[in-house]
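Presented below is the structure to which this report refers.
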Amino acid sequence: MSALPTFGPDHTDGLLTFLSASPSPYHAVATAAERLVEAGFRELRETDAWDGDSGGRFVLRGGAIIAWYVPEGATPATPFRIAGAHTDSPNLRVKPLPDAGRHGWKQVAVEIYGGTLLNTWLDRDLGLAGRLTLRGGDCVLVNVDRPLLRVPQLAIHLDRQVNDGLKLDRQQHMQPVWGTGTPTEGELIAFLAAEAGVEAADVTGWDLMVHSVEPPAYLGKDRELLAGPRMDNLLSVHAATEALAALAGRADAGDLTLPHIPVLAAFDHEENGSQSDTGAEGPLLGNVLERSVLSRGGSAEDRARAYAGSVCLSSDTGHAVHPNYAERHDPGHQPRVNGGPILKVNVNQRYATDGSGRAVFTEACERASVPWQTFVSNNAMPCGTTIGPITAARHGISTVDIGVAILSMHSARELCGAEDPYLLANALTAFLAT
């Protein structure tokens, strides 16, 4: 087998482009699909019959994408190597009756999605993006990527104690303004329909969300840091997409033999529990993997054998040690930015990693010559979770939780090391090819 494809600093440049092009999960999967099509993948519809030919394929459903590459010689029982991630990020999402306001201000009624840091959305220029559903069920993407909205903070003169502790009411204080005058029913959707080039009367549903229009950028004297939106978890989606596309290209050219079927599984709704038809707790991944087995002439026995030999790396961001709050971290496990991907461990199964999973991850990092770190929560702090335990429990597939260490997680704008995105991509490439 020839040397694996590797990524360098230009991968991080590509991440900036990916983040800017993906203000919503629907845009993220569309952007990933475009990259896969360039690499020779083709889209399959869930309502069509599938063939068992070799090559790359992907399925889109809402804000989720499952993509896989069947190498020449794969049998129905060939195991899968799955890079798992999620496409959604905490933010503000538009309510069903969006046209609100009072006292001469036009506002957009929003609902809080996920565990967002509310204060990071204050006094920031915001756009709107998502999808509009038309009569007949077709959807069109819309992205107003310019200053449109703003959540204005109360002046310090009217809240003299604000710097002693900001308290935000999720209902009263987080509704953005977008103009002056009297609210008019249907005005926002009519505006967005015009932006998308469709008739407002044809729009019967929408899934819309707010995003910061400030572009991602390198930061620091030596540009060793990266600041941007939605790195939790589009950073992993981008890395896994690039890894899969690169491996498929090498395999198609005959330069690489893949012993397993590499898979990208990027789900929606991780930030609110994954319980949806496009979330990790839904049937999408299992259906796709099973249909892949059956399309190659397999049976239930073959599916069970394939799953038993499969492994998933659940890649999500984790916590870098914070210089101003180091006491909040475990004193013996303090990941640093640009230190390589982290192995996430929690014995209470908030992360799915065990000793065997650690061996899989370390082998991939060693093969890719990538440094790695370990994350464990401070015992006095509750631990977050990921799609990892859900994937393991739902499908019976051995799963390992990993990711990139960042600061400002769940902020409208997060911070990571500029080297970590391509280090993660190299580790995922080695894992998918091993």
Handout entry: Main-chain N/O of Lys95 paired with Glu111 side-chain donor or acceptor, under 3.5 Å
Key = no
Heavy-atom nearest pair, Glu46 first then Leu60, reads OE2-O, 4.4 Å
Is it true that Asp48 and Arg42 make a salt bridge, defined as a side-chain N closer than 4.0 Å to a carboxylate O?
-> no
Side chain to side chain contact (heavy atoms under 4.5 Å, CB included) test vs His319 passes for just one of Gln334, Arg328, His329, His333, namely His329
### Task
Take Tyr26 and Asp207 through the side-chain contact (heavy atoms from CB on, under 4.5 Å) test and state the conclusion after the steps.
CA-CA 9 Å; Tyr26 316 109; Asp207 300 279; 3.4 Å; yes
Query raised in the report: Quick one: does Ser22's side chain have a donor or acceptor within less than 3.5 Å of a partner on Leu19's backbone?
Result: no
(Q) Ignoring hydrogens and geometry beyond distance, is a side-chain donor-acceptor pair present between His410 and Asp232 at under 3.5 Å? (A) yes
Check Asp88 with Arg93, please: is the shortest side-chain N to carboxylate O separation under 4.0 Å?
no
Of all heavy-atom pairs linking Ser408 and Arg413, the shortest is CB-O, 3.7 Å
Output for pair (Leu258 CG, Leu432 CG), nearest 0.5 Å, gives 9.0 Å
Q. Is Asp169 reaching over with its side chain to a backbone N or O of His173, donor-acceptor style, under 3.5 angstrom?
A. no
| said: Is it the case that atom CD in Glu224 sees more than 12 heavy atoms from other parts of the structure closer than 6.0 Å? | reply: yes
Query - Donor-acceptor pair between Glu281 and His269 side chains, under 3.5 angstrom - result: no
CD of Glu290 to CG of Leu285, rounded to nearest 0.5 Å, is 11.0 Å
To the nearest 0.5 Å, atom OG1 of Thr399 lies from atom CD1 of Ile82 at 7.5 Å
For Ala266 and Ile66 the tightest heavy-atom approach is N-CD1, 4.4 Å
inquiry  = Would Leu284 and Asp277 count as a side-chain contact (heavy atoms from CB on, under 4.5 Å) here? Give the steps.
reply    = CA-CA 7 Å; Leu284 181 59; Asp277 69 321; over 6 Å; no
- request: Go through Val213 and Leu126 one step at a time and tell me if the side-chain contact (heavy atoms from CB on, under 4.5 Å) criterion holds.
  value: CA-CA 6 Å; Val213 300; Leu126 305 171; 5.8 Å; no
Rounding to 0.5 Å, atoms CH2 (Trp178) and CG (Leu149) come to a distance of 8.0 Å
For Gly84, is there any backbone N or O sitting under 3.5 Å from a side-chain donor or acceptor partner on Ser314? no
- Task: Would you check if the side chain of Thr120 reaches a backbone N or O of Ala412 as a donor-acceptor pair within less than 3.5 Å?
- Result: yes
Kindly say whether Asn272 contributes a backbone atom to a donor-acceptor pair with the side chain of Ser274 at under 3.5 angstrom?
no
Exercise for the section: Taking Asn378 for its side chain and Ala380 for its backbone only, find out whether a donor-acceptor pair lies under 3.5 Å. Expected result: yes
Original post:
Under 4.0 Å between a Lys/Arg side-chain N and an Asp/Glu carboxylate O for Arg250 and Asp255?
Top reply: no
Heavy atoms, side chains only, cut-off 4.5 Å: are Val94 and Met209 in contact?
no
* **Main-chain N/O of Gly186 paired with Asp99 side-chain donor or acceptor, under 3.5 Å** => yes
Report task. Compare all side-chain heavy atoms of Glu270 with those of Asn233 and state whether any distance is below 4.5 angstrom. Result -> no
pair Leu423-Phe7: side-chain heavy atoms closer than 4.5 Å: no
**Item:** Modelled atom types, side-chain donor and acceptor of Thr133 and Trp206, under 3.5 Å
**Value:** no
Above 12 or not: heavy atoms from other molecules or residues under 6.0 Å from CD of Glu72?
-> no
Original post:
Can you check whether Tyr69 reaches Val263 side chain to side chain, under 4.5 Å on heavy atoms?
Top reply: no
### Query
Under a 4.5 Å cut-off applied to non-hydrogen side-chain atoms, are Asn346 and Pro389 in contact?
no
Rounded to the nearest 0.5 Å, the CG atom of Leu264 sits from the CG atom of Leu36 at a distance of 7.0 Å
Is the Phe18 to His238 ring centre distance short of 6.0 Å?
yes
In sequence, state the C-alpha distance, the side-chain angles, and the governing distance for Phe41 and Trp68, and then conclude on ring-ring contact (aromatic ring centres under 6.0 Å, His included).
CA-CA 9 Å; Phe41 285 66; Trp68 66 103; 8.6 Å; no
Next on the checklist: Do Asp420 and Leu424 make a side-chain contact, defined as non-hydrogen atoms from C-beta onward lying under 4.5 Å apart?
Outcome noted: no
Review point. Is there a donor-acceptor contact under 3.5 Å linking the side chains of Thr434 and Arg367?
Key: yes
Checking Thr386, Val400, Ile402, Thr374 against Lys344 for side chain to side chain contact (heavy atoms under 4.5 Å, CB included), the one that qualifies is Thr386
* Start with the C-alpha distance between Thr116 and Trp121, add both sets of side-chain angles, then the distance that settles side-chain hydrogen bond (donor to acceptor under 3.5 Å, both in side chains), and finish with yes or no. => CA-CA 9 Å; Thr116 187; Trp121 294 94; 2.8 Å; yes
Using the rule given for side-chain contact (heavy atoms from CB on, under 4.5 Å), can you reason through Leu134 versus Val140, listing the C-alpha separation, both sets of side-chain angles and the distance that settles it, and then say yes or no? CA-CA 8 Å; Leu134 309 179; Val140 295; 4.1 Å; yes
In short, Leu141 meets Ala30 closest at the heavy-atom pair CD1-CB, 4.0 Å
- Message: Take a 6.0 Å sphere around CG of Asp123 and say whether it holds more than 12 heavy atoms from other residues, nucleotides or ligands.
- Response: yes
Rounded to the nearest 0.5 Å, the SG atom of Cys383 sits from the CD atom of Gln349 at a distance of 10.5 Å
- prompt: Between Asp268 and His86, does any side-chain donor sit less than 3.5 Å from a side-chain acceptor?
  reply: no
- Ser295 and Ser292: side-chain donor and acceptor closer than 3.5 Å? no
Requested in this report: Please examine the side chains of Leu226 and Leu15, heavy atoms only from C-beta on, and report whether any two atoms are closer than 4.5 Å.
Outcome: yes
Closest non-hydrogen contact found for Ala405 with Val337 is O-CG1, 3.8 Å
Within the supplied structure, the quantity of interest is the number of heavy atoms (other residues, nucleotides, ligands) at a distance under 6.0 Å from Arg358 CZ; does it exceed 12? no
Q. Is any NZ, NE, NH1 or NH2 atom of the basic residue among Glu195 and Arg146 found under 4.0 Å from an Asp or Glu carboxylate oxygen of the other?
A. yes
**OP:** Would you indicate whether the side-chain heavy atoms of Pro76 and Ser299 approach each other to under 4.5 Å?
**Re:** no
Glu185 atom CD: more than 12 heavy-atom contacts under 6.0 Å
no
What one should report as the nearest heavy-atom pair of His260 and Pro71 is O-CG, 3.7 Å
Problem - Ionic contact status for Arg57 with Glu43, cut-off 4.0 Å - result: no
Under 3.5 Å, is there a donor on one side chain and an acceptor on the other for Tyr218 and Asp13? yes
| task | Report yes or no: is the cationic atom of Arg303 (NZ for Lys, CZ for Arg) under 6.0 Å from the centre of the six-membered ring of Tyr307, at an angle within 45° of the ring normal? | result | yes
Do the side chain of Asn426 and the main chain of Tyr422 share a donor and acceptor less than 3.5 angstrom apart?
-> yes
- Say whether, by atom type as modelled, one donor and one acceptor occur between the side chain of Thr87 and the main chain of Gly63 under 3.5 angstrom. yes
